[in-house]
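Take a look at the structure below.
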Amino acid sequence: MSLFKLKPACKDYLWGGHKLVEKYNIEYEGEICAEAWTLSCHRDGESKIADGIFADLTLSELIEKEGKEILGKNCMKYQDFPILIKLIDAKKALSIQVHPDDEYALKNENQYGKTEMWLVLEAEDGAFLYQGFEKEITKQEFESRIKDNTLTEVLHKEYVKPGDVIFIKPGMLHSIGEGILLAEIQQNSNVTYRIYDYGRVGADGKPRQLHIKQSVDVTRLERPEKFVPSKNHLVECEFFCVDRIEVEDNSTFEDVADETSFVSLLVTDGNGTITQGDETITIKKGNSLFIAANSGTYCLNGKLSIIKTIVP
């Protein structure tokens, strides 16, 4: 068996909505489903195998049982599972935050840093996110604006629409804005330094923790270069390679899971089937699939929009 449908780990962060349950077929009983970790071996929330003989095993347990070879040759250089994929529903704006690089994170957090990308799936009229600064500022001004709550005055607003791709390197300040739903592909890390949180309080009634010193240490005080993906080859970096697959109505798309990497497929719209060998699985919007490395040809049928991710 080499084809697995996954169940996500879900997060009820205070800024989230309920669209992932209502529109993306995520099974979750809580009032808020802010994030669905659709491909995860992270200790803060693991995906599980949805059905079959390995049902309810975590993805980590599956890898341990079947052997690390199912991840592919390109993953052998990593001690841990290399990536994490999420669906994120921002009913309200997320905190303004930054992620460290590997060197800083390993030294200070005993985790990897975080390079990530976003593919916008839904955006309300006028929705925007923050990414970097309108122009380069000094560290002194950065610290001063954090203290006097004027940081947003110097941040770069990026207005977004469905289909937009944002690539965020470590050290780039960012925040997902209100009314945006997106897919995130990132390094397997949960290290986030919160810079500003609009004065909100957590479930315990206390302001959420900020990480000012760490943020000042790692933030690049500059405006980002505009990232322009090609039509279907969205991002290729050291940690992940992401492509968009469009299967037209009642047509077939054929691809191969070779020896280099496992394949992650996240269905962002439509429904259909995936077949590998003598196994066929029905898939629909919001479903996540893990295909073992070196398992050969798989075929997609139906009308589907899919994000394919491999480790380069």
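In this chain, residues are counted from 1 in sequence order.
Ring-plane geometry between Phe290 and Phe81 is classed as tilted, the angle between the planes lying from 30 to 60 degrees on a 0 to 90 degree scale. A perpendicular orientation is assigned to the rings of Phe128 and Tyr130, their planes being inclined by more than 60° (bins at 30° and 60°).
A salt bridge is defined here as a Lys NZ or Arg NE, NH1 or NH2 lying under 4.0 Å from an Asp or Glu carboxylate O, and Glu153 with Arg145 meets this definition. With salt bridges taken as basic N to acidic carboxylate O contacts below 4.0 Å, none links Lys303 and Asp269. Salt-bridge check for Glu122 with Lys23: passed, with a basic side-chain N closer than 4.0 Å to an acidic carboxylate O. Salt bridge Asp197/Arg208: present, at least one basic N to carboxylate O contact under 4.0 Å. Salt bridge absent: Glu178 and Lys92 never bring a charged side-chain N and a carboxylate O closer than 4.0 Å. Using a 4.0 Å cut-off between charged nitrogen and carboxylate oxygen, Glu103 and Lys107 do not count as a salt-bridge pair.
Heavy-atom minimum distance, Ala50 versus Ala55: O-CB, 4.2 Å.
With contacts defined as side-chain heavy-atom distances shorter than 4.5 Å, the pair His99/Thr192 qualifies. Within the 4.5 Å cutoff, the side chain of Leu121 has heavy atoms near those of the Tyr24 side chain. Side chains of Met76 and Lys68 form a contact here, defined as non-hydrogen atoms less than 4.5 Å apart. You'll find the side chain of Asp56 reaches within 4.5 Å of the side chain of Lys7, heavy atoms only. Contact annotation: the side chain of Tyr298 never approaches that of Thr275 to less than 4.5 Å [non-hydrogen atoms, C-beta and beyond]. Contact annotation: the side chain of Ile180 approaches that of Val160 to within less than 4.5 Å [non-hydrogen atoms, C-beta and beyond]. By the 4.5 Å heavy-atom criterion applied to side chains, Arg244 and Ile307 are not counted as neighbours. Side-chain atoms of Thr150 and Tyr196, non-hydrogen and from C-beta on, never get closer than 4.5 Å to each other.
Atoms OG and CG, on Ser215 and Leu173 in that order, are 8.0 Å from each other to the nearest 0.5 Å.
Judged by distance alone, the side chains of Thr252 and Asn301 do bring a donor and an acceptor atom under 3.5 Å apart. Judged purely by distance below 3.5 Å, without hydrogens or angles, the side chains of Glu222 and His156 never pair a donor atom with an acceptor atom. With hydrogens and angles left out, the side-chain atoms of Gln131 and Lys157 include no donor and acceptor closer than 3.5 Å. Looking at Asn190 and Asp44, their side chains do bring a donor and an acceptor atom within 3.5 Å of each other.
The local environment of CD in Glu27 is sparse, with at most 12 non-hydrogen atoms from other residues, nucleotides or ligands closer than 6.0 Å.
In this structure, Lys11 is positioned above the aromatic face of Trp37, its NZ or CZ under 6.0 Å from the six-membered ring centre and within 45° of the axis.
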side-chain hydrogen bond (donor to acceptor under 3.5 Å, both in side chains) between Gln187 and Ser189, intermediate numbers included:
CA-CA 6 Å; Gln187 283 180 266; Ser189 170; over 6 Å; no

